[in-house]
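Read through the structure below, which is laid out as structure tokens, and then see the notes.
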Amino acid sequence: SPPPPPPASQDLRQTLLEAGWELVLAPIAVEQVTGAKELWKQPAVAAKHLIVGFNCFPTAAEAVSHLDDPPLDRAFIEREARLYFPDFHKALPRLTDDEARHAYAKLKFEQSNMAAMNAKRARRGGR
């Protein structure tokens, strides 16, 4: 069996578990883009809603650093959408605050990982 994690890492894991976070296997699509095999996910987040850097993180240290993050502000999301995501900005009035936060985080994740996905696709010879 592998050696136990160092005490500091064990403390981080305990902090997350006490806060209701779970260590889960990363979905294949997430693993392909990020290389992470496991993710720490926030409580009450369904697997289909996992977005790395928003509600799940590849390391305990990253997750702990986001324990006290306030929810994204609706006004901030609206400003960002107006500037960078016009189609999303048009859809915003129909979304609840939680739906808007999730959709914005998904767009940001997709945007930040587009280059990595395109590079992998090019290496495979795909389109």
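What's counted below: heavy atoms across the whole structure, side chains too, no hydrogens, waters or symmetry copies.
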Heavy-atom pair of closest approach, residues Val52 and Phe109: O-CD1, 3.5 Å
Whether over 12 other heavy atoms sit under 6.0 Å from Asp68 CG: no
Separation of Thr15 OG1 from Trp21 CH2 (nearest 0.5 Å): 12.0 Å
Minimum side-chain heavy-atom gap Leu16-Leu67 below 4.5 Å: yes
Closest non-hydrogen atom pair between Leu12 and Ala60, with its separation: CB-CB, 4.0 Å
Single-linkage hydrophobic cluster Tyr84~Ile51, side-chain heavy atoms < 4.5 angstrom: yes
All pairs passing salt bridge (charged side-chain N to carboxylate O under 4.0 Å, His left out) where residues 16-30 contributes a residue, at least two apart: Glu22-Lys41
Ring geometry between Phe57 and His66 (parallel below 30°, tilted from 30 to 60°, perpendicular above 60°): parallel
Gap between atom OH of Tyr104 and atom CG of Leu92 - 0.5 Å precision: 11.0 Å
Separation of Leu83 CG from His89 NE2 (nearest 0.5 Å): 9.0 Å
4.5 Å side-chain heavy-atom contact, Cys56 and Trp40: no
Any donor-acceptor N/O pair, Asn55 side chain to Val45 backbone, under 3.5 Å: no
Side chain proximity check, Phe85 to Lys108, heavy atoms < 4.5 angstrom: yes
Separation between CZ of Arg79 and CD1 of Ile77, rounded to the nearest 0.5 Å: 10.0 Å
Residues which pass salt bridge (Lys or Arg N to Asp or Glu O under 4.0 Å) with Glu38, listed by chain and number, not counting sequence neighbours: none
Heavy-atom check, side chain of Arg101 versus side chain of Phe54, under 4.5 Å: yes
Min side-chain heavy-atom separation Leu39-Leu23 under 4.5 Å: no
Residue Ile28 excluded, over 12 heavy atoms near CD1 under 6.0 Å: no
Arg94 versus Glu99, closest heavy-atom pair with distance: O-OE1, 4.2 Å
Residue pair Glu62 / Pro58, side-chain heavy-atom distance below 4.5 Å: yes
Gap separating the CG atom of Leu17 from the CD atom of Gln10, nearest 0.5 angstrom: 8.5 Å
NZ/NE/NH1/NH2 to OD/OE distance under 4.0 Å, Arg74 and Glu78: yes
Over all atoms of both residues, closest heavy-atom pair of Phe88 and Ala81: CD2-CB, 3.6 Å
